[in-house]
Trainee: 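My structure is below; once you've seen it, I'll send some questions.
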Amino acid sequence: MERTLTLVALFAALIAGLGLIPKFTLAFGVPITAQTLGVMLAGTVLGAKRGALACLLFIALVALGLPLLAGGRGGLGVFASPTVGFLVGWPAAAFVTGFIVERWRGNLALVSSIASVIGGILVLYVFGVIGMSVTLGKTLPEAALLVTAFIPGDVIKAVLAGLITSALARSRPASVLSRG
Amino acid sequence: MISLTSPVETWAHRVPAGVKLAALSLATIGLFALEDPAPLALAFAGSVALVLSGGWRFAGAAARSLRILWPFLGLIALWHGVTGQLAEGLAVALRLLAALTLASFVTMTTRLTDMVAVASWLLAPFRRFGLSTRALELSVALVVRFTPSIARKGGLLTEAWRARSARRAGWQVVMPLAALAIDDAEHVAEALRARGGVVPPEHTG
Amino acid sequence: MLELRNVSVKLGGTQALRQISVRAAERRIAIVGRNGSGKTTLARVIAGLQTPDEGSAEIGGRDMARDRKAALRAVGILFQNPDHQIIFPTVEEEIAFGLVQLGRPRAEAATEVQAILARFGKSHWASAPTHGLSQGQKQLVCLMSVLAMQPALIVLDEPYSGLDIPTRLQLMRYVGEVEASVLHITHDPESVRHYDRVIWIDEGAIRADGPPAEVLRQFEAQMRLWGGCDDLSDLAG
């Protein structure tokens, strides 16, 4: 009970921390937020249930008014902006990612990357596109067209999530709980 | 950790949080029901007036929270300029501006503790399905306590990287950071147990 | 009254503690040993955080690992790294937590928090954010949090490591004034020379047990001897 609670809370804090690290840059010098990488890791490392809970806790705190999103954003305004779906979809994204890693016992790096693509991109974009379509008054295909530009960056993040997960498993096997 | 509540005290700070949140929900539903630019322009003007009632400094801070909309406003202008559906474009832009302004207004005028109080009131019915509000309180405290420390460790790892490499620190820093978060979680779980755990033994009889 | 009977603990394949038996009622007890000698595992057993694989650990006749309710009143533990112990964002919340865990109503807990802060002359710390404190200040907050719960025995696990000399001396003074019994785990003989009893743990077993003058002399002689060797190259397991 204590362990589940602290793991969920600390991963929510990790996702927040990833948005706060100054001058943090991913591959190719793209200054994109590492927070969705944190969401994928919540799934691949903590597993479906705990990963989803960590994201849910994070979103709840953002709604309450804590500036936990990259760039110090937060508050209810986030939920009225066009990107709302890309935040609200986090728990589902982490859940699906974690679920795949838990069930599919193949090569961890590969499985984690594929799981992150399915959970962290496919599932997340379903939420994201619906959110954009509603807020911007566009049809679903139109909204989907608007976000395609971000997919390559997210695929990189999914690959990184796989590499990080397998590196974690090699350096300290006990910490990859989705395979525990 | 600082919250987004405005240090500029306005009349709205004294309105109960539940009232503000209920009004915001209704207003947002209303905004999405409107299709015509004219009433939406009126709604936006109303939300601007609301923000201005808090004074210039307060309004300035509120305006900064609208910055995330710029790329989208540009996108809408481009899209509807090309397709020629100007009225629709105007309606979408005004709706977004009004909804975001109102939401920021509520966040800026409501203290974190009041927000938490409303949240636990809303969650109270779920207690009978086994939701532990105590566990929830603890996890909120833990996130607030550990976010700065994880960010600081991330900064230190980035420093350690830079001390030994000409290239900028990258994703490699995330692995030790995740490991640290897991370590911290294990230690804190133990510290929690040392002082009685999530459900103190008294309560279990 | 602390009583350990043939305590053995296995951690991930290695034998951390072997057949430890101790009966102790002294007010100031020190446990010394090298890094990895099993000291911390012993501290966790005494605090009831680690259930022994064999044997039993009791304080006042109660099993600390099983009877957590009794354990909360019998024993408090101060971890080596205060960052591992502080759970809350502010000092007052951190100290109040243990009191609420003991079943105190919030208002009463708040008064007791004020009282303990005042006793240490730190009333102005109440609403300070815990992550902004220095290492020594954090350790003092942890000590106050444990003292607030008024346990009969306080276990200190290397509480002074990483602190500068003035900070260490100040904390030692605070610990010296503690009314409860103290069981102090350390590798530094200096900080426990004035204690009532010293137990030396080596490779998970008791190597010596007696008055500080005698045990610490043997301990220091052995440490200097080992200091001349190179056992850093040995890998565990």
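Per chain, numbering begins at 1; letters A, B, ... match sequence-line order. Nothing here was measured: the structure is a model prediction, and the numbers come from that model.
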Trainee: If you count heavy-atom pairs under 4.5 Å with chain A, which of Pro176(B), Ala185(B), Gly197(B) comes out on top?
Mentor: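 It is Ala185(B).
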Trainee: Give me the contact list for residues 106-115 of chain A versus chain B, heavy atoms only, anything under 4.5 Å, ordered by residue number.
Mentor: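 When heavy atoms of chain B are the reference, residues 106-115 of chain A contributes no residue within the under-4.5 Å range.
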Trainee: Does Phe126(B), at its CZ atom, have more than 12 non-hydrogen atoms belonging to other residues, nucleotides or ligands within less than 6.0 Å?
Mentor: no
Trainee: Could you tell me the separation between the CE atom of Met1(A) and the OG atom of Ser132(B), rounded to the nearest 0.5 Å?
Mentor: 5.0 Å
Trainee: Given heavy-atom pairs under 4.5 angstrom as the criterion, report whether the side chain, backbone, both or neither of Asp183(B) touches chain A.
Mentor: side chain
Trainee: Are Ser104(B) and Leu76(A) close enough that some pair of their side-chain heavy atoms sits under 4.5 Å apart?
Mentor: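 They are not in contact (no side-chain heavy atoms under 4.5 Å apart), so the answer is no.
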Trainee: When heavy-atom pairs shorter than 4.5 Å are enumerated against chain A, which of Leu96(B), Val188(B), Thr5(B), Leu192(B) gives the highest number?
Mentor: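 Going by pairs under 4.5 Å, I would pick Leu96(B).
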Trainee: Between chain B and each of Gly38(A), Ala167(A), Gly72(A), count heavy-atom pairs under 4.5 Å; write down the option with the most.
Mentor: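 Answer, by heavy-atom pair count under 4.5 Å with chain B: Ala167(A).
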Trainee: Do Met175(B) and Ser171(A) pass the side chain to side chain contact (heavy atoms under 4.5 Å, CB included) test, and can you show the C-alpha distance, the side-chain angles, and the key distance before you say yes or no?
Mentor: CA-CA 10 Å; Met175(B) 199 279 277; Ser171(A) 71; 4.2 Å; yes
Trainee: Which atoms of Leu61(A) come close to chain B, meaning under 4.5 Å heavy atom to heavy atom: side chain ones, backbone ones, both, or neither?
Mentor: side chain
Trainee: Return yes if some donor-acceptor pair links the side-chain N/O of Glu2(A) with the main-chain N/O of Val198(B) below 3.5 Å, else return no.
Mentor: yes
Trainee: Please tell me if the side chains of Leu10(A) and Val143(B) come closer than 4.5 Å, counting only heavy atoms from C-beta onward.
Mentor: no
Trainee: Give me each pair satisfying salt bridge (charged side-chain N to carboxylate O under 4.0 Å, His left out) with a member in residues 12-35 of chain B, each pair once, sequence neighbours excluded.
Mentor: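 Residue pairs with at least one partner in residues 12-35 of chain B: there are none.
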Trainee: Determine which residues belonging to residues 121-141 of chain A lie within contact range of chain B, meaning some heavy atom pair is under 4.5 Å apart, and list them by number or answer 'none'.
Mentor: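 Interface residues of residues 121-141 of chain A: Met132(A), Val134(A), Thr135(A), Leu136(A), Gly137(A), Lys138(A).
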Trainee: Please rank Leu177(A), Val8(A), Thr165(A), Leu146(A) by heavy-atom pairs under 4.5 Å with chain B and give me the top one.
Mentor: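 Most heavy-atom pairs within the cutoff with chain B belong to Leu146(A).
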Trainee: State, to 0.1 Å, how close Leu5(A) and Ala135(B) come at their nearest heavy-atom pair, and which atoms those are.
Mentor: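 Smallest interatomic distance, heavy atoms only, reads CD1-O, 3.3 Å.
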Trainee: Please give me the minimum heavy-atom distance between Ala103(B) and Ala80(A), naming the atom from each residue.
Mentor: CB-CB, 4.4 Å
Trainee: Please check if the number of heavy atoms outside Arg105(A) that lie under 6.0 Å from its CZ is greater than 12.
Mentor: yes
Trainee: Which atoms of Leu75(B) come close to chain A, meaning under 4.5 Å heavy atom to heavy atom: side chain ones, backbone ones, both, or neither?
Mentor: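 Side chain of Leu75(B) only, per the 4.5 Å heavy-atom cut-off to chain A.
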Trainee: Between Thr6(A) and Leu138(B), is a side chain to side chain contact (heavy atoms under 4.5 Å, CB included) present by the stated rule, with each step listed?
Mentor: CA-CA 9 Å; Thr6(A) 55; Leu138(B) 270 174; over 6 Å; no
Trainee: Which atoms of Leu102(B) are under 4.5 Å from chain A, going by heavy atoms: the side chain, the backbone, both sets, or neither?
Mentor: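 Neither part, no heavy atoms under 4.5 Å.
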Trainee: Where does Leu24(B) contact chain A at under 4.5 Å (heavy atoms): side chain, backbone, both or neither?
Mentor: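 Answer is side chain: those atoms of Leu24(B) sit under 4.5 Å from chain A.
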Trainee: Looking at Phe44(B), I want to see if its CZ is surrounded by more than 12 non-hydrogen atoms of other residues, nucleotides or ligands under 6.0 Å.
Mentor: yes
Trainee: When only pairs under 4.5 Å are counted, which of Phe146(B), Trp79(B), Phe105(B) shares the most heavy-atom pairs with chain A?
Mentor: Trp79(B)
Trainee: Run the numbers on Ile182(B) and Leu14(A) for side chain to side chain contact (heavy atoms under 4.5 Å, CB included), then give the verdict.
Mentor: CA-CA 10 Å; Ile182(B) 291 168; Leu14(A) 175 68; over 6 Å; no
Trainee: Mind checking which of residues 40-58 of chain A sit less than 4.5 Å from chain B, heavy atom to heavy atom?
Mentor: Leu41(A), Val45(A), Leu57(A)
Trainee: Val106(B), Val116(B), Ile68(B), Leu100(B): which one forms the most heavy-atom pairs within less than 4.5 Å of chain A?
Mentor: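 Looking at each of Val106(B), Val116(B), Ile68(B), Leu100(B) in turn, Leu100(B) comes out on top.
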Trainee: Side chain, backbone, both or neither: which part of Ala119(B) has an atom under 4.5 Å from a heavy atom of chain A?
Mentor: side chain
Trainee: Does the pair Leu66(A) and Leu4(B) meet the rule for a side chain to side chain contact (heavy atoms under 4.5 Å, CB included), with working shown?
Mentor: CA-CA 6 Å; Leu66(A) 289 178; Leu4(B) 294 166; over 6 Å; no
